[in-house]
Amino acid sequence: MTYHRAADYLAGLVEARILPGLERIAQVLEILGQPHRTYPHILIGGTNGKGSTLALMGSVLLEAGFRTGLYTSPHLSSFEERIRIGNHLLPKKDLPGLVEDVRAAGVSLSYFEFVTAMALLHFARCRVDLAILEVGLGGRWDATNATDPILSVITSVDLDHCQWLGETIEEVAGEKACIMRPQRPVVLGPLNRKTMDLLLIAAEEKEAVPLAAGRDFTVARTSGGLSYKGKKWSMEGLRPALQGRFQDGNAACALASLEWLAGEGFDIPDRAVRRGLETTRWPGRFQVFKGPPRIIVDSAHNPAAMAALVESLGSEPGKTVWLFSALKEKDVTGIIREMQGTGVKVVVVSLDHPRAMDLGDLKVAFEGTGLDVLTETGVSSGFRRAVQESGQAGTVVVAGSVFLAGAVLESLDEVVGD
């Protein structure tokens with residue numbers, strides 16, 4: 001099988017195959033020889049912040065000398081971003097073999113189930129010291145939950161993917177709590193009191209061992225950087241490379257997880273923590289380009305993420321022009337509500353994605369917001385229009401979809417270099 005045939009096969013695994021249950025992925029993993037049982041692994045769930053927390057942990061573990069497998073979704077530009085060893089993306093030469101081996105199991109899988117099996121198999125073959133897996137959707141029926149993590153993390157709980165996870169915070173929290181394991185720790189990120197109580201109750205019912213933000217560990221922002229205090233670690237002057245106030249909570253989850261690993265025998269010195277945080281790269285998450293104009297690329301795609309983005313923006317100098325698009329199933333009304341009172345214009349564009357929201361519907365959604373709405377049919381032309389509208393002293397903020405963020409990053413040099 002060639003690389004292109006393997007890529008085409010993956011592209012043909014449509015979401016119509018999605019069905020609740022872990023039986024299919026468990027069956028495939030059994031046929032493949034239970035690859036995930038050959039290395040310890042961590043499972044990170046949450047509405048927002050999963051990828052950033054994983055990236056922060058992966059960077060620190062790399063500095064500490066560990067061979068770490070990282071599984072994330074979705075990707076920004078290339079499929080190979082989803083499966084990494086440290087900073088190295090999945091080699092293109094390895095893709096055909098992985099596709100063939102998982103396909104040979106003879107089990108009908110969804111796209112995400114198939115790719116999860118590929119990642120777990122690849123990590124076993126690369127003999128990683130540890131793997132960190134990002135939950136794709138919810139927790140209960142997510143393919144990553146067919147594994148046996150030594151540690152689980154829940155970064156945040158908000159409404160998103162309601163058609164799958166439920167219409168209330170209680171329902172969503174219940175789905176995410178299913179990544180907890182008996183007698184094993186679960187790191188709980190900075191949550192409001194009600195949500196924290198729900199997850200603490202769930203942890204007690206599942207006999208998991210909670211490590212809760214605000215109780216077992218804290219992070220505070222000071223003029224000298226971030227300070228962290230856990231059960232054993234106490235660090236001052238930490239300077240994570242990831243920008244945005246919302247990253248403080250993700251850093252807290254990462255540090256609490258790393259502290260627990262250190263207590264379990266993983267040698268993670270102070271210098272590795274500091275250097276790892278300072279060198280973390282996680283594109284498309286409050287990624288700032290100084291310009292001119294200043295450009296901020298973010299993947300905020302639900303109301304909670306947009307609220308966090310707006311808080312991090314603060315009072316931006318000069319004109320703020322949004323570049324926006326979204327998928328049909330998203331709470332676009334809720335996202336736009338968080339944007340009201342920010343910026344002067346919004347350029348809406350259509351995405352090259354089967355679930356992309358119609359351009360006309362996007363324009364209608366912004367009516368009555370006070371933002372001057374402009375439309376462009378493509379991402380590149382829309383990005384160019386936003387740059388022009390902002391002027392040299394302005395700021396362009398890209399948000400609404402991870403797919404939009406990826407497309408903008410691909411066209412950044414072309415547009416800004418004009």
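Taking all atoms of both residues into account, the shortest heavy-atom contact from Lys328 to Ala356 is CE-O, 3.2 Å. Contact detail for Val396 and Ser390: the closest heavy-atom pair is CG2-OG, 3.6 Å. Counting all heavy atoms, side chain and backbone alike, Arg67 lies closest to Arg127 at CD-O, 3.8 Å. The shortest heavy-atom contact between Thr280 and Ala241 is O-CB, 3.5 Å. Taking every heavy atom of both residues into account, Leu76 and Pro283 meet most closely at CD1-O, 3.3 Å. Between Glu259 and Tyr228 the shortest heavy-atom distance is OE1-OH, 2.6 Å.
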Working note: Leu98 + Arg125, criterion side-chain contact (heavy atoms from CB on, under 4.5 Å); need CA distance, chi angles, decisive distance, verdict. CA-CA 10 Å; Leu98 289 170; Arg125 290 174 174 173; 3.7 Å; yes
Does the pair Ser52 and Gln247 meet the rule for a side chain to side chain donor-acceptor pair (under 3.5 Å), with working shown? CA-CA 8 Å; Ser52 295; Gln247 293 291 4; 3.1 Å; yes
Test Asp142 against Lys176 for salt bridge (charged side-chain N to carboxylate O under 4.0 Å, His left out), laying out the working first. CA-CA 10 Å; Asp142 191 81; Lys176 296 186 185 302; over 6 Å; no
Salt bridge (charged side-chain N to carboxylate O under 4.0 Å, His left out) assessment of Arg385 paired with Glu389: CA-CA 6 Å; Arg385 180 77 176 274; Glu389 295 290 338; 3.2 Å; yes
Yes or no on side-chain contact (heavy atoms from CB on, under 4.5 Å) for Phe366 and Met339, after CA distance, side-chain angles and deciding distance? CA-CA 10 Å; Phe366 277 94; Met339 295 170 62; 3.8 Å; yes
Apply side chain to side chain donor-acceptor pair (under 3.5 Å) to residues Gln34 and Glu30 and explain how you reach the verdict. CA-CA 5 Å; Gln34 302 285 6; Glu30 179 68 31; 2.6 Å; yes
Check step by step if side chain to side chain donor-acceptor pair (under 3.5 Å) holds for Ser59 and Trp282. CA-CA 10 Å; Ser59 184; Trp282 191 230; over 6 Å; no
Set out, in order, the CA-CA distance, both residues' side-chain angles and the distance that settles side-chain contact (heavy atoms from CB on, under 4.5 Å) for Gln287 and Ile296, then state yes or no. CA-CA 5 Å; Gln287 189 173 3; Ile296 299 174; over 6 Å; no
Are Asn48 and Asn302 close enough, and set up right, to give a side chain to side chain donor-acceptor pair (under 3.5 Å), and what steps lead you there? CA-CA 9 Å; Asn48 297 307; Asn302 56 51; 2.9 Å; yes
Check step by step if side-chain contact (heavy atoms from CB on, under 4.5 Å) holds for Ile85 and Val128. CA-CA 8 Å; Ile85 305 294; Val128 298; 3.6 Å; yes
Given the rule in the salt bridge (charged side-chain N to carboxylate O under 4.0 Å, His left out) test, do Glu63 and Arg274 qualify, once you have shown the distances and angles that lead to the verdict? CA-CA 9 Å; Glu63 289 293 331; Arg274 294 179 183 277; over 6 Å; no
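Between Arg245 and Arg221, some side-chain heavy-atom pair lies under the 4.5 Å cut-off. At a threshold of 4.5 Å between non-hydrogen side-chain atoms, the residues Phe286 and Leu242 do not count as touching. Between Leu95 and Lys92 the shortest side-chain heavy-atom distance does not fall below 4.5 Å. In this structure, Asp248 and Leu226 have side chains that are in contact, with non-hydrogen atoms separated by less than 4.5 Å. At least one side-chain heavy atom of Val397 sits under 4.5 Å from a side-chain heavy atom of Leu309. Between Val379 and Leu404 the shortest side-chain heavy-atom distance falls below 4.5 Å. Residues Ser73 and Val115 fail the side-chain proximity criterion, which asks for heavy atoms closer than 4.5 Å. Counting heavy atoms from C-beta on, the side chains of Ser325 and Val348 never come closer than 4.5 Å.
The environment of CZ in Arg5 is sparse: at most 12 heavy-atom neighbours from other residues, nucleotides or ligands sit within 6.0 Å. Counting non-hydrogen atoms of neighbouring residues, nucleotides and ligands closer than 6.0 angstrom, the CG atom of Asp358 exceeds 12 such neighbours.
Residues Phe123 and Tyr71 keep their aromatic ring centres 6.0 Å or farther apart.
A donor-acceptor distance shorter than 3.5 angstrom exists from the side chain of Glu81 to the backbone of Ser78, with no hydrogens or angles considered. For Ser257 (side chain) and Cys253 (main-chain N/O), a donor-acceptor pair under 3.5 Å exists by modelled atom type. Under the 3.5 Å distance criterion, the side-chain polar atoms of Glu171 are matched with a main-chain donor or acceptor of Thr168. Side-chain atoms of His353 come within 3.5 Å of backbone N or O of Arg355 as a donor-acceptor pair. The main-chain N or O of Ile179 is found under 3.5 Å from a side-chain atom of Arg181 such that the two form a donor-acceptor pair. Put simply, the side chain of Ser411 never gets that close to the backbone of Ser380: no donor and acceptor are under 3.5 Å apart. Between the His301 side chain and the Lys330 main chain, no donor and acceptor come within less than 3.5 Å of each other. At distances below 3.5 Å, at least one donor-acceptor pair connects side-chain atoms of Thr279 with backbone N or O atoms of Arg275. Between the side chain of Asp216 and the backbone N or O of Ala212 there is at least one donor-acceptor pair closer than 3.5 Å.
Atom-to-atom distance recorded for Leu409:CG and Phe383:CZ is 8.5 Å, nearest 0.5 angstrom. Separation of atoms CE (Met57) and CG (Leu151) is listed at 6.5 Å; rounding is to 0.5 Å. With values rounded to the nearest 0.5 angstrom, Ser108 atom OG is found 10.5 Å from Phe114 atom CZ. Rounding to the nearest 0.5 Å places CE of Met357 at 11.0 Å from CD of Glu329. A distance of 6.0 Å separates CG in Leu133 from CG in Leu120, rounded to the nearest 0.5 Å. The distance from atom CG of Leu61 to atom CG of Leu258, rounded to the nearest 0.5 Å, is 5.5 Å.
Ring pair Phe66/Phe266 is tilted by interplanar angle, where 30° to 60° counts as tilted.
With salt bridges taken as basic N to acidic carboxylate O contacts below 4.0 Å, one links Arg37 and Asp148. Salt-bridge formation is not detected for the pair Arg239/Glu278: no Lys NZ or Arg NE/NH1/NH2 atom is positioned less than 4.0 Å from an Asp or Glu carboxylate oxygen.
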